[in-house]
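Values in this document were obtained by computation on a predicted structure and should not be read as measured data. Counting convention: from 1, in listed order, for ligands and their atoms alike.
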Amino acid sequence: MTSKILLYYKFQPIADPDAVRLWQRDLCEGLGLTGRIIVSKDGINGTVGGDIRACKTYAKKTREYFKGIEFKWSDGGAEDFPKLSVKARKEIVSFGAPGELEVDENGVVGGGVHLSPEQVNQLVADNPDAVFFDGRNAREAEIGRFKDAVVPDVETTHDFIKELDSGKYDWMKDKPVISYCTGGIRCEVLSSLMINRGFKEVYQIDGGIVRYGEKFGNSGLWEGSLYVFDDRMHTEFGAPGDPDYVQLGHCVHCGEATNQFYNCANEPECRRQYLSCEDCREENPYCAECTQRATASPASPA
Ligand SMILES: [Zn+2]
Ligand SMILES: [Zn+2]
């Protein structure tokens, strides 16, 4: 039995998100799929895994309602998700601005212009003052980002509005701004928030960093590793030894170059993910803050 993972999102108005939630839950349960699905009045965002035939049936049925939805297929399966969670929420990506986003049958209204990976390179070549704007959490950008990207000081997407309203980025309001995130969904919302706040020329990358990396690997404008939200914590577009392969992150303990995040061992009190080299991790499985606290007081951090 071959299994697969499906990743997808679609912005479209949903009159009754709870009815869609129930339908999606029954559909997945009937097919034996597990994963995580969020439905809101603005659309659907999900990752499900299971038998390849079940995934195909799921994609076909879901497409009947979400016309034109694109599914990204990847390796893996139901074993990557412990259970099925299907929820109706205020937003499918949580920016804390459910009233601001406007969605119609074509998707987000007034969002950034979509660019293919090739168009991104062309835009930058034609406009020396174009700016990359990281639409992810600052932590994700520590190990990889677009060349000379501006990385906002955000811990979660909820921080973006405050950050944009702070005036820190007003200098780029008249410049071409290319927003980017992992798979593109966060920039669908972020780009519209930026345009609403007076950014005049905002772009977003179709399929996000994932698609750009598939196209250009490390030989384009992307530098470093891609942070991912599973146990791997990062993925690469090239291999070590590849002349364009760079590690942008640094071990919090010794400063050595690394792209590996670890969960601080002081769980559940500390939920930090931090960068460490392998040697330091073996010696000390705690983040810098917990390590400091442990040396300051005689009690161990755990
Ligand atoms: Zn180290
Ligand atoms: Zn810690």
Check against side-chain contact (heavy atoms from CB on, under 4.5 Å), I5 and D75
CA-CA 6 Å; I5 294 176; D75 291 331; over 6 Å; no
Counting backbone and side-chain atoms alike, does H253 have an N/O/S atom under 2.8 Å from the Zn ion (ligand 1)?
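No N, O or S atom of H253 is closer than 2.8 Å to the Zn ion (ligand 1), so no.
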Can any side-chain N or O of T157 pair as donor or acceptor with the backbone N or O of S94 at less than 3.5 Å?
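Judged by distance alone, yes, a pair lies under 3.5 Å.
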Checking ring-ring contact (aromatic ring centres under 6.0 Å, His included) between F146 and each of W222, F133, Y203, which is the one that passes?
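Exactly one option meets the ring-ring contact (aromatic ring centres under 6.0 Å, His included) with F146, and it is W222.
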Under a 4.0 Å threshold between the charged nitrogen and the carboxylate oxygen, would R272 count as salt-bridged to E289?
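Salt bridge present between E289 and R272.
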Salt bridge present between K162 and D165 (N-O < 4.0 angstrom):
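Here K162 does not pair with D165 in a salt bridge, since their nearest N and O are not under 4.0 Å apart.
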Tell me whether the centres of the aromatic rings in Y8 and Y58 are closer together than 6.0 Å.
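Yes - the distance between ring centres of Y8 and Y58 falls below the 6.0 Å cut-off.
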Quiz item: cation-pi between K173 and F199, 6.0 Å / 45°
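Relative to the ring axis of F199, which defines the angle, K173 lies inside both limits.
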At the Zn ion (ligand 1), what's the angle from C254 SG to C251 SG, rounded to 10 degrees?
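The two atoms form an angle at the metal of about 110°.
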Residue and atom, protein N/O/S, under 2.8 Å of the Zn ion (ligand 2):
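C264 SG, C270 SG, C287 SG, C290 SG, with waters left out.
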